[in-house]
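Let me begin by presenting the structure, written as C-alpha cells, before commenting on it.
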Amino acid sequence: MKWLSSTYVFPLAVITLIISLCLQCAWIRQLYLAQKQDVRNKLESIVSNASKQTVYRSVARGRERSSRFKQFFLSSEWFSLRQAFDDLKLDNLHSQFHYGIDNDSTVVEMRMSFLNDPKKHFNMSSSSKTDNMSPRQVSSDDQRDLKSLDSLVNHQLQQFGLRIRKNYALYDYSSGKLIKTVPFAKSSISFTSERYTYNLKFLHRYQLVVGNIFWIVVFQMRYYLISSLMMLVLTAAAFYLLIRLMKNQQLYAKARMSFTSNMTHELQTPISTIAVALESISKYHLIDEPEKLQNYINISRHELQRLQAMIEKVLKQEQMDIGKIKLQFTLVDIQSVIKQVMLSMDIQVREKDMQLILVPAGEPYFIKGDAMHIANVCYNLIDNALKYSPAQSRIEVSCSVANHELTINFKDNGQGIKEIYQEQVFERFFRVFSQDNIHNVKGSGLGLHYVKQVVDLHGGRVALQSKIGKGSNFMIILPLYEEN
Ligand SMILES: Nc1ncnc2c1ncn2[C@@H]1O[C@H](COP(=O)(O)OP(=O)(O)OP(=O)(O)O)[C@@H](O)[C@H]1O
Ligand SMILES: [Mg+2]
C-alpha cells in the first residue's frame with residue numbers, strides 16, 4: 001500500500017485522536033445530562049415520598065391505623081389526585097381542598113370553582129375550617145408537620161448518599177404566594193422540586209431547593225470519566241509509540257543504507273590501492289628496484305592492516321549484538337587506562353595540532369571492568385572528539401566521583417550535536433548528516449553504539465551534553481569500586 005506511507009501516518013493518527021476525543025466529549029456530555037436528570041428525578045421522588053409519608057402520619061396520628069387507611073393515603077392514585085387538584089389553578093377555574101371538623105368527623109372536601117364573570121378574581125380565603133380548633137393550634141400542628149417533612153427529606157438524602165446544600169421554600173396553599181424564601185443566589189440553584197402539601201390542613205406547600213449538583217453528578221460519573229480518560233491516554237500512547245517505532249525504523253533503514261555505501265567505499269579503497277601496487281610491481285619489474293619494491297609492499301601492508309581493522313570492527317560489533325562477547329572483569333585503574341589510550345593516539349593529535357589533556361584527579365579511581373573494552377570506549381570517544389572538532393582545538397578528559405559512581409568526561413569544543421540527535425547518536429549505524437546530506441568525516445556509525453553497549457554491560461550509563469557550534473561532553477558513568 002504505497003499511499004499508506006509514513007507521511008500520512010502522523011496526520012492520520014492526529015485526526016483519529018481528535019475524532020475519538022470529540023466522540024468521548026459528546027458521549028460524556030450525553031452521560032452528564034442523563035445523570036443530571038437522574039439526580040433530579042431522585043430528588044423529586046425523595047420529596048414526593050416524604051410528602052406522602054408526612055400526610056399519612058399527620059392523618060393517622062391518634063387514629064386507628066387500619067391497613068386500608070394506610071393503603072389509601074400512601075397510594076400513588078391519592079397522591080396524583082392531590083397534586084393534580086392542588087395544581088389546577090387557571091384564570092377562571094380554581095380548585096382547592098378543604099379541611100374541617102364536622103361534629104365527630106374530619107372532613108376533607110375537594111372543591112372546584114368556576115368564575116362566571118371572568119373579569120372578577122377569586123377570593124382567596126384560607127382553606128381550612130377549624131371549627132373546634134384554635135388557629136394557633138392549627139398553625140402549631142402545621143409547623144410540626146413541616147419539620148417532620150423536612151427531616152424526612154434530610155434523612156432520605158442521607159440514605160441516598162446525596163451530600164448537597166439544600167433548603168426549602170414555603171408557599172401559601174390558596175394564593176400560591178411565597179412565604180419563606182431560600183437564602184441561595186438564583187444562579188447557584190440547580191434544582192427546585194414541585195410544590196407539595198404535607199398534611200390535610202392545606203395551609204402551605206413545600207418546595208425543595210438544592211444548590212449546585214454539578215459535583216454530585218461528576219462523582220456519580222467517576223468510573224465512566226476515569227475509563228474514558230484512560231482510553232484516551234492509552235490510545236494516544238499507542239499512537240505515539242507506533243509513530244516513534246516507525247520513525248526509528250525509517251532512520252535505521254536510512255542509516256543502514258548509508259553504512260553499506262560507506263563501508264563499500266572504505267573497503268574498495270585499500271583493495272584498489274593494493275591492486276594498483278601489485279600491478280605496478282609486475283608491470284615495471286620492481287624486483288630489480290628493491291627500494292621502490294619495499295615502498296609498494298609497505299603501502300600494501302598498511303592498506304591490508306586498515307582493511308583488517310575495519311572487518312574486525314564490524315565483526316566485533318556483530319558479536320556484541322548477539323551477546324557473544326564475554327567480558328573479563330578485573331580491577332581497572334581508570335586513569336592509567338586513559339593515559340595509555342592517549343599515548344597511542346599521540347600521532348593523530350599532533351597531526352591535527354590539537355591539545356588532548358587529562359585533568360589530574362589526585363587519587364586513582366578503580367572500577368571492576370574489562371580493561372580492553374574500557375580502553376576501546378575511551379579510544380572511540382577521543383577519536384570522535386578528534387574527528388568532529390576543528391584543528392587546534394582542545395579536548396579535555398577528566399574523572400570525578402559522586403554517590404559511589406565514577407564519571408569520566410570527554411569534553412571537546414567541536415561542532416556539537418543537535419538536541420534531536422543526542423539520543424540517536426548511540427544507535428547502530430547512526431551518523432549525523434551535514435546540511436547537504438554528505439558525511440564530511442569518514443566513519444561507520446558504530447563507535448558510540450559500541451560505547452553504550454560496553455558501558456551497559458558494566459552496569460553504567462552514558463550521558464551527553466552538547467550544543468551545536470559550542471562542543472560536546474560525553475559522560476561515562478560507572479559504578480566505582482570501593483574496598484569497604
Ligand atoms: N564529539 C563529537 N562531536 C560532534 N559530533 C559527534 C561527536 N561524537 C559523535 N558525533 C556524531 O555522532 C555520530 C555517531 O558517532 P559514532 O562514533 O557512533 O560513529 P562514527 O564516528 O561516524 O563512526 P565510527 O564507527 O568510525 O566511530 C557521528 O557520525 C557524529 O556525527
Ligand atoms: Mg566514532
Side-chain angles (χ1 to χ4, degrees), residues 9-54 57 74 76 79-80 83 146-171 178 180-196 198 205-247:
V9 172
F10 184 68
L12 205 70
V14 171
I15 291 169
T16 315
L17 264 182
I18 290 173
I19 291 175
S20 66
L21 188 73
C22 290
L23 284 175
Q24 292 280 333
C25 286
W27 177 68
I28 285 173
R29 191 176 168 272
Q30 287 291 333
L31 194 72
Y32 173 78
L33 292 177
Q35 292 282 330
K36 193 172 168 184
Q37 194 51 46
D38 189 51
V39 172
R40 284 162 163 269
N41 291 345
K42 218 179 252 174
L43 289 170
E44 195 71 58
S45 85
I46 284 174
V47 198
S48 64
N49 254 333
S51 149
K52 244 192 254 177
Q53 294 277 351
T54 323
R57 281 182 202 176
L74 291 182
S76 55
F79 178 77
S80 308
Q83 276 304 102
L146 176 64
K147 265 190 192 155
S148 157
L149 168 69
D150 199 45
S151 66
L152 208 60
V153 168
N154 282 340
H155 178 70
Q156 292 209 3
L157 284 174
Q158 250 179 19
Q159 256 189 352
F160 278 106
L162 296 169
R163 277 191 200 99
I164 44 174
R165 209 161 66 100
K166 71 151 267 278
N167 211 313
Y168 65 85
L170 211 59
Y171 295 87
L178 189 64
K180 178 191 170 295
T181 50
V182 190
F184 293 169
K186 233 183 179 174
S187 56
S188 71
I189 293 173
S190 290
F191 170 80
T192 45
S193 72
E194 297 283 318
R195 298 169 193 183
Y196 295 96
Y198 44 87
R205 291 176 87 190
Y206 172 100
Q207 184 181 47
L208 177 70
V209 181
V210 170
N212 203 343
I213 57 169
F214 175 76
W215 290 111
I216 289 183
V217 179
V218 170
F219 184 71
Q220 289 206 355
M221 289 167 60
R222 63 195 181 280
Y223 296 120
Y224 299 106
L225 285 175
I226 291 169
S227 59
S228 118
L229 199 76
M230 261 172 61
M231 217 184 94
L232 268 181
V233 170
L234 286 178
T235 318
F239 274 123
Y240 171 73
L241 290 177
L242 213 70
I243 288 167
R244 222 176 80 152
L245 194 76
M246 274 187 62
K247 286 221 158 144

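Predicted, not measured: the structure shown is a model, and the values here were computed from it. In what follows, every heavy atom counts, from backbone to side chain, and hydrogens, waters and symmetry copies are set aside. The residues of the chain are indexed from 1 along the displayed sequence.
Between the side chain of Arg40 and the backbone N or O of Ser190, at least one donor-acceptor pair lies under 3.5 Å. With Arg195 contributing its side chain and Arg205 its backbone, the two residues share no donor-acceptor pair below 3.5 Å. Within the 3.5 Å criterion, the main-chain N or O of Thr16 finds a donor-acceptor partner in the side chain of Ser20. Between the side chain of Gln207 and the backbone N or O of Glu194, no donor-acceptor pair lies under 3.5 Å.
Counting only heavy atoms from C-beta outward, the side chains of Ser188 and Arg165 approach each other to under 4.5 Å. When side chains are defined from C-beta on, Ser148 does not count as touching Tyr198, because their heavy atoms never get closer than 4.5 Å. Counting only heavy atoms from C-beta outward, the side chains of Leu225 and Leu229 never approach each other to under 4.5 Å. With contacts defined as side-chain heavy-atom distances shorter than 4.5 Å, the pair Tyr196/Lys52 does not qualify. In this structure, the side chains of Ile46 and Leu152 stay at 4.5 Å or more apart for every pair of heavy atoms. With a 4.5 Å cut-off on side-chain heavy atoms, Phe160 and Leu43 do not count as touching. Val39 places none of its side-chain heavy atoms less than 4.5 Å from the side chain of Val210.
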- request: Please test Tyr206 against Val153 for side chain to side chain contact (heavy atoms under 4.5 Å, CB included), starting from the C-alpha separation and ending with a verdict.
  value: CA-CA 11 Å; Tyr206 172 100; Val153 168; 3.9 Å; yes
Step-by-step side chain to side chain contact (heavy atoms under 4.5 Å, CB included) determination, Tyr168 to Leu146: CA-CA 10 Å; Tyr168 65 85; Leu146 176 64; 3.6 Å; yes
query: Taking it one step at a time, do Cys22 and Ile18 satisfy side chain to side chain contact (heavy atoms under 4.5 Å, CB included)?
result: CA-CA 6 Å; Cys22 290; Ile18 290 173; 4.2 Å; yes
message: The test is side chain to side chain contact (heavy atoms under 4.5 Å, CB included); show your working for Ile213 and Gln220 and say whether it passes.
response: CA-CA 11 Å; Ile213 57 169; Gln220 289 206 355; over 6 Å; no
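No more than 12 heavy-atom neighbours from other residues, nucleotides or ligands sit within 6.0 angstrom of NZ on Lys147. Residue Lys42 places its NZ atom among more than 12 non-hydrogen atoms of other residues, nucleotides or ligands, all under 6.0 Å distant.
Expressed to the nearest 0.5 Å, how far CD1 of Ile189 lies from CG of Asn212 amounts to 11.0 Å. In this structure, OG on Ser48 lies 10.5 Å from CD on Gln53, to the nearest 0.5 angstrom. In this structure, Gln83 CD and Ser76 OG are separated by 12.5 Å, a value rounded to the nearest 0.5 Å. Rounded to the nearest 0.5 Å, atoms OG (Ser228) and CG (Leu23) are 11.0 Å apart.
Closest approach of Leu162 and Ile216 over heavy atoms only: CD2-CG2, 3.8 Å. Of all heavy-atom pairs spanning Lys166 and Asp150, the tightest one is NZ-OD1, 3.0 Å.
Scanning for ring pair (Phe, Tyr, Trp, His ring centres under 6.0 Å) contacts around Phe214 gives Tyr32, with sequence neighbours left out.
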Pair up each side-chain donor or acceptor in residues 232-245 with any protein partner under 3.5 Å, not counting sequence neighbours, and list the distances.
unit_1	atom_1	unit_2	atom_2	d
Thr235	OG1	Met231	O	2.4

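With Leu33 as the partner, the side-chain contact (heavy atoms from CB on, under 4.5 Å) test is satisfied by one option alone out of Arg29, Gln37, Gln35: Arg29.
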